[in-house]
Amino acid sequence: MATTSEATYALLRAHGLTTIFGNPGSNELPFLSGMPADFRYILGLHEGGVVSMADGYSLVRGEGAFINLHAASGSGNAMGALTNSVYSHSPLIVTAGQQVRSTIGQEVMLANVDAPSLMRPLVKYSAEPTCAEDVPRTMSQAINLATSAPRGPVYVSVPYDDWAKDAAEDSAEELSKRVVHSGTGLSETQLDRLTSLLAEAENPVLILGPAVDAQAGNDDAVTLAEKLQAPVWIAPSPSRCPFPTRHPAFRGVLPAGIADLAAALDGHDLAVVIGAPVFRYHQYVPGRYLPSGTSLVHLTDDPSEASRAPVGEAFVVPVGAALAALAESVPPTQREPLRPLPDFAEPEVHAGGLDPAHLFARIRTQAPDDAIYVNESTSTSDAFWSQMDLSQQGSYFFPASGGLGFGLPAAVGAQLGSADRQVIGLIGDGSANYGITALWTAAQYEIPVVVIILKNGTYGALRGFGRLLKTGETPGLDVPDIDFVHLAEGYGVSAVSVDNADDFDSAFKEALSVRKPRLIEVTTTYTA
Ligand code: TZD
Ligand code: CA
C-alpha cells in the first residue's frame, strides 16, 4: 500500500510535474521530506515571485507547473501574482500545507481556516481533500482540471498529517495512468484510436449514462452495441434511460457499490463509459475500482466528471456526436450475436397488496409504448428495470442527485411539456410528500398526468440501507396512515385506492382514457 505522499509524487511524475516551485513553512515539511531524487525544488523568497516564476516556466513550456506554498499566509501572498495567471490561463497547480486535520477547527497557529474559500474567487477549483486517503485523487482532479480547457490555476490545501497515511488501495497505480483529453470533439486520430481499441478488444462492455439520452444518442448506442455484439449496462444511479431495456445487449443498471460494480465488469478487457460520471456510487462497498485486466475509457461533456474520476482515460467531448462517430466507424464484429433476453419473470402474487414487480408488469402491459415515466420510488428500482420495456428516447427520469421532491412536480411539468406522450409518475408514499402540492397545479391547469403512488407505508430504501449499515431499527423509518386519495381530492385531482391487480388494471385504464390528472394509490408490499 502506498502512502498519500508516495502516490502523489507518482502522480506528479506521471504528469511531468517534477519541478516544485515553493516557499516552505512548518506545514509543508512532511510533504517535502518525501521528495524523490528525480524531483527538483526551486526556492523563491516571496510567494508572489514563486507564482510568477512558475507562471513563466509554464508559459514557455505550454504545460502545467506545480507550486507549494505555506498555509494561508503564503497563499495570501501569492494571490496578487495569481491574478495574472488567471488571465493568462496558466495551468498552475497551487498547493499549500495545512495544519494537522484534527486541530484546524481550533484555529491553531498556521491553520488555514476554510482554505478552499480563501482562493476560490481566483481559481477553477479549490479544495481540501475530505480525508487523507483521498489526497492523491483530489490532486489528480486538480491537475486534470488545471490542464483542461479553459486552462487555469487550481488550489489544493493538504493537512500535513495526511502525507504519512495510506492512500486509497489502487490510487497510486490507477491515478498515474489517467489521461484527460479535452477538445471540441474527437479528433480523427482519437476516433481512429478508440475505434481500434473497441474493434480489437476481446470482450468490450458499454456503460451508458444520462447524457446519451439527453443528446438523443440512444439509436447510435444500439448501432454501436450491435456492431460490437457487446453487453450494455446503464451507469449506476441513473437519472435517464439511454438504451432500450429489451434489447438483447441490455444488462440492466450497474450496482452502485465500488466492489459490486467491479465484480459486474469482471472478464471485460475494455469498459467504455459514455455520458456518465465514473461512477456515481451510492452505497459504500469498498474495493478496487476495476477488476484487474479491465481498462476504462470515458467519454463525457463534463470536464469535472472527467477530472474527478479515480480511474480511466477520459475524453471531454460532446458525447452525442462522439457516440455517433464511433457507431459509424467501428466495424461489425465476428462475435456471435447476443441472444434475446429471457421473457419477463412471472411476478409474485401476494395477499394484502401488489408486489412492485407485479405492479410494473401491469403498467407495462397497459401503458402506451412511448409513455414517459418519472420515477421517485426508491426501493423498487430493481423491480422497475426488470419489468419495464422502455424503447424510446426520453422515456425515464429520476431525481439526478437523489433529492426527493422532484418526481411528482417533474411529472406534472413533463406532461405539460409533452402533450403527445402520456406521462406516468411512479411515486413512493414517502417521496410523494415532498412534492404533493404539484397536484394542485395539475388540477388547475388540467394537466393530464397519471400519478401512481406506491404505498408500502415505509421509507423502504432507508430500511435497505439500515440492513447494509447494520444500524438495526432506527426512528423515523415508517410513514403509516397517509390517505393519498383524500389529499389528491383536496387539491382537486380525482383519485382511487387499490390493493390488487384487477382493481389496478381498471383504475389505470380509466386514468389513461380521461385526459385529466388522476392519482392511483396502490398498496404495495415491502419485502426486506
Ligand atoms: N429528503 C430528501 C429531500 N431527499 C432524500 N433523498 C431523503 C430525504 C432521504 N431518502 C432517501 O434517499 S430514500 C427515502 C428517503 C426519505 C425514502 C423514500 O421512500 P418512498 O420509497 O416511500 O418514496 P421506497 O420505495 O419506500 O423507498
Ligand atoms: Ca415507501
Side-chain angles (χ1 to χ4, degrees), residues 4-5 8-9 11-12 15 17-35 39-129 135 138-139 141-143 145-147 150-163:
T4 61
S5 170
T8 300
Y9 277 113
L11 174 77
L12 296 179
H15 283 275
L17 296 167
T18 52
T19 300
I20 300 174
F21 294 91
N23 184 268
S26 49
N27 292 356
E28 292 70 40
L29 299 180
F31 171 62
L32 295 176
S33 77
M35 193 180 94
F39 280 62
R40 58 178 171 170
Y41 187 85
I42 306 292
L43 177 65
L45 300 185
H46 180 278
E47 290 81 359
V50 170
V51 165
S52 298
M53 262 187 267
D55 199 345
Y57 183 81
S58 165
L59 284 169
V60 295
R61 293 166 67 90
E63 293 169 1
F66 188 84
I67 297 169
N68 188 241
L69 304 174
H70 181 49
S73 47
S75 301
N77 279 354
M79 287 176 79
L82 205 60
T83 59
N84 292 317
S85 316
V86 171
Y87 289 97
S88 58
H89 289 286
S90 301
L92 303 185
I93 298 95
V94 183
T95 63
Q98 168 67 295
Q99 259 287 11
V100 167
R101 252 177 210 283
S102 58
T103 69
I104 302 166
Q106 303 163 42
E107 303 190 11
V108 295
M109 280 288 276
L110 298 165
N112 189 348
V113 179
D114 197 1
S117 297
L118 175 72
M119 216 41 119
R120 194 160 279 136
L122 291 182
V123 296
K124 285 181 71 176
Y125 172 74
S126 193
E128 189 165 271
V135 168
T138 305
M139 208 60 92
Q141 179 170 1
I143 296 167
L145 274 175
T147 52
R151 292 173 149 206
V154 296
Y155 183 69
V156 181
S157 155
V158 184
Y160 77 73
D161 55 325
D162 284 4
W163 294 115

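The figures that follow rest on heavy atoms only: side chains count, while hydrogens, waters and symmetry mates do not.
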Working for side-chain contact (heavy atoms from CB on, under 4.5 Å), residues Ile104 and Gln98 = CA-CA 8 Å; Ile104 302 166; Gln98 168 67 295; 3.6 Å; yes

From Glu107 CD over to Asp114 CG, what is the distance, rounded to the nearest 0.5 angstrom?
-> 10.0 Å

Any donor and acceptor pair, going by atom type alone, linking the side chain of Arg151 with main-chain N or O of Gly62 inside 3.5 Å?
-> yes

Taking ring-ring contact (aromatic ring centres under 6.0 Å, His included) as the test, write out the residues that go with Tyr125, two or more places apart.
-> none

Does the side-chain contact (heavy atoms from CB on, under 4.5 Å) test come out yes or no for Leu12 and Ile143, once each step is laid out?
-> CA-CA 9 Å; Leu12 296 179; Ile143 296 167; 3.8 Å; yes

Given Met79 and Leu118, is the side-chain contact (heavy atoms from CB on, under 4.5 Å) satisfied, shown in steps?
-> CA-CA 9 Å; Met79 287 176 79; Leu118 175 72; 4.3 Å; yes

Apply side-chain contact (heavy atoms from CB on, under 4.5 Å) to Ser5 and list each qualifying residue two or more places apart in sequence or on a separate chain.
-> Thr3, Tyr9, Trp163

Short question: side chain of Ser52, backbone of Gly49 - any donor-acceptor pair under 3.5 Å?
-> no

Is the side chain of His46 donor-acceptor paired with the backbone N or O of Gly48 at a distance under 3.5 Å, no angle test?
-> yes

Quick one: does Pro91's side chain get under 4.5 Å of Thr147's, heavy atoms only?
-> yes

Is there a donor-acceptor pair under 3.5 Å between the side chain of Asn68 and the backbone N or O of Gly22?
-> no

Could you pull out the closest heavy-atom pair between Leu110 and Ser26, with the gap in Å?
-> CD1-OG, 3.7 Å

Asn23 vs Asn77 side-chain heavy atoms within contact, under 4.5 Å = no

Partners passing ring-ring contact (aromatic ring centres under 6.0 Å, His included) against Tyr57 (at least two apart in sequence or in another chain) | Phe21

Compute whether any side-chain donor of one residue and acceptor of the other, for Asp55 and Ser90, lie under 3.5 angstrom apart.
-> yes

Output yes when a side-chain donor or acceptor of Ser88 lies under 3.5 Å from a complementary backbone atom of Asn84, and no otherwise.
-> yes

Validation row: Pro129, Val156 side chains within 4.5 angstrom (heavy atoms) = yes

Please collect all ring pair (Phe, Tyr, Trp, His ring centres under 6.0 Å) contacts where either partner lies in residues 64-101, sequence neighbours excluded, each pair once.
-> none

Taking all atoms of both residues into account, what is the closest heavy-atom pair of Arg101 and Asp161, and its distance?
-> N-OD1, 3.0 Å

Tell me, please, which residues at least two apart from Thr138 pass side chain to side chain donor-acceptor pair (under 3.5 Å).
-> Asp134

So, the side chain of Tyr155 versus the backbone of Ala96: is there a donor-acceptor pair under 3.5 Å, distance only?
-> no

If every non-hydrogen atom of Met119 is compared with every non-hydrogen atom of Ser126, which pair is closest and at what distance?
-> CB-OG, 3.9 Å

Would you mind reporting whether Ile42 and Ile20 have side-chain heavy atoms less than 4.5 Å apart?
-> no

May I ask you to decide if Gly25's main-chain N or O and Glu28's side chain share a donor-acceptor pair within less than 3.5 Å?
-> yes

When you check the side-chain N and O atoms of Thr4 and Asp162, is any donor under 3.5 Å from an acceptor?
-> no

Might you work through the side-chain contact (heavy atoms from CB on, under 4.5 Å) test for Asn27 and Gln99, ending with a clear yes or no?
-> CA-CA 6 Å; Asn27 292 356; Gln99 259 287 11; 4.1 Å; yes

Which salt bridge (Lys or Arg N to Asp or Glu O under 4.0 Å) pairs, counting each pair once, include a residue from residues 61-88, with sequence neighbours left out?
-> Arg61-Glu63

Heavy atoms, side chains only, cut-off 4.5 Å: are Phe39 and Thr19 in contact?
-> no

What pair of heavy atoms forms the shortest contact from Asn112 to Ala72, and how long is it?
-> OD1-CB, 3.4 Å

Looking only at non-hydrogen atoms, find the nearest pair between Leu92 and Ser85 and report the distance.
-> CD1-OG, 3.4 Å

State, with a plain yes or no, whether a side-chain heavy atom of Leu32 is found less than 4.5 Å away from one of Pro24.
-> yes

Please round to the nearest 0.5 Å and tell me the distance separating atom OG1 of Thr103 and atom CE of Met109.
-> 12.0 Å

Between Ile67 and Val50, the two heavy atoms sitting closest are CG2-CG1, 3.9 Å

